Amino acid sequence: MSKTIIYQLLPRLFGNTNSNRIHNGTIAQNGCGKFNDINSDFLSKLKDEGYTHVWYTGILEHSSVTAYPEAGIEGSKACIVKGIAGSPYAVRDYYDVCADFANDIKERMAEFEQLVERTHHAGLKCIIDFVPNHVARDYNSDSKPAGVRDFGEDDDVNVRFDSNNNFYYIPSEKFVSPVDCSSDGYYEFPARASGNDVFSASPSINDWYETVKLNYGIDYSNGFRHFNPIPSTWLKMRDILLFWSAKKLDGFRVDMAEMVPVEFWRWVIAEVKEQFPELQFVAET
């Protein structure tokens with residue numbers, strides 16, 4: 001059996017030749033690496049050095065203050081983003097890639113698919129992040145396939161918990177960011193629980209306040225687990241995994257896997273491997 005050796009690569013940094021970066025600078029000031037910077041020569045060298053996989057970090061579209069009006073992409077409000085570029089783990093659209101990494105914004109998905117092809121041509125396997133525990137506070141998919149319902153779109157926002165809600169709510173309370181939102185105009189009512197299991201309308205600056213916890217059917221007020229019928233979040237996450245698997249990926253590095261119930265993993269991995277039996281899941285725990 002051959003040994004798996006994974007090379008982690010952040011496209012934002014890889015290929016960025018700008019050495020005059022400034023704190024909280026814009027993408028125009030600080031630059032950004034692109035999918036196309038990851039060329040065949042480099043990938044072939046990785047293969048020669050013994051690597052078997054490349055883990056591309058931050059591929060999914062995540063909250064960012066940067067806007068691309070020509071592609072209909074609005075910038076996120078600064079009070080719910082950590083840094084101008086944002087965190088790769090505050091996913092804003094599970095069905096899209098980060099526009100910062102594209103040379104042609106409107107062809108960003110095609111440019112990513114070409115990177116997957118180059119990776120395979122070099123004899124390497126391709127992994128991206130799957131972030132199942134939380135989404136960006138301003139999650140809104142404008143690239144989802146026809147018929148797909150967004151997270152929270154069908155939630156009953158008047159209750160703290162419902163097994164078919166995608167989020168956990170703090171009814172009758174407004175979200176209060178630890179960063180001043182007065183100039184941004186960001187407004188969230190009712191507030192939703194933050195990604196690091198903070199069930200409060202007022203998370204602290206040290207919390208994952210830029211993210212919203214996803215509901216997999218666990219009522220954290222009493223520990224009861226509501227997995228039958230299958231919760232809405234399970235089904236939506238399965239469909240997201242199938243969407244990316246169909247793009248010829250070889251696996252997923254699963255962010256904060258232990259914050260999602262093990263019953264979901266047993267179910268979803270079997271569901272995905274029924275169509276893509278060779279797919280690999282690598283858990284961060």
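Here the structure is a predicted model, which means the values were calculated and not measured.
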- request: Mark yes when over 12 heavy atoms from residues, nucleotides or ligands other than Glu274 sit less than 6.0 Å from its CD; otherwise mark no.
  value: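 Open.
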Side-chain donor-acceptor pair present, [X], [Y], cut-off under 3.5 Å:
X      : Y      : answer
Ser204 : Asn206 : no
Ser76  : Arg92  : yes
Asp162 : His226 : no
Ser63  : Asp138 : yes
Ser232 : Trp234 : no

message: Please check this pair: side chain of Asn165 against backbone of Asp155, looking for a donor-acceptor N/O pair closer than 3.5 Å.
response: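 No, Asn165 side chain to Asp155 backbone: no donor-acceptor pair under 3.5 Å.
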query: Between Asp250 and Cys126, is there a donor-acceptor pair closer than 3.5 Å when you use the side chain of the first and the backbone of the second?
result: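 Side chain of Asp250 to backbone of Cys126, a donor-acceptor pair under 3.5 Å: yes, one is there.
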message: I want to know whether Phe14 and Phe42 have ring centres closer than 6.0 Å.
response: yes
field: Phe175 ring center within less than 6.0 Å of Phe189 ring center
entry: no
- request: Look at the aromatic rings of Phe112 and Trp244 and report parallel, tilted or perpendicular, splitting at 30° and 60°.
  value: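 The arrangement is perpendicular - the two ring planes meet at more than 60°.
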- prompt: So Phe130 and Trp265, would you call those rings parallel, tilted or perpendicular, with 30° and 60° as cut-offs?
  reply: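 The arrangement is perpendicular - the two ring planes meet at more than 60°.
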message: If hydrophobic residues (ILVMFWY) are linked whenever their side-chain heavy atoms come closer than 4.5 Å, directly or via other members, who joins Met256 in its cluster?
response: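 Traced through the cluster, Met256 reaches Trp208, Met259.
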message: The test is side-chain contact (heavy atoms from CB on, under 4.5 Å); show your working for Ile59 and Phe35 and say whether it passes.
response: CA-CA 10 Å; Ile59 297 301; Phe35 291 131; 3.6 Å; yes
message: Go through it in stages, so that I can follow the logic: the residues are Arg160 and Asp219, the test is salt bridge (Lys or Arg N to Asp or Glu O under 4.0 Å), and I'd like the CA-CA distance, side-chain angles, deciding distance and then a yes or no.
response: CA-CA 9 Å; Arg160 177 188 50 78; Asp219 185 343; 2.9 Å; yes
Passing option when Gln280 is tested against Arg253, Lys273, His53 for side-chain contact (heavy atoms from CB on, under 4.5 Å): His53
- request: Scan for ring-ring contact (aromatic ring centres under 6.0 Å, His included) pairs involving residues 57-92, sequence neighbours excluded, and state none if there are none.
  value: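 As it turns out, there is no ring-ring contact (aromatic ring centres under 6.0 Å, His included) pair with a partner in residues 57-92 once direct neighbours are skipped.
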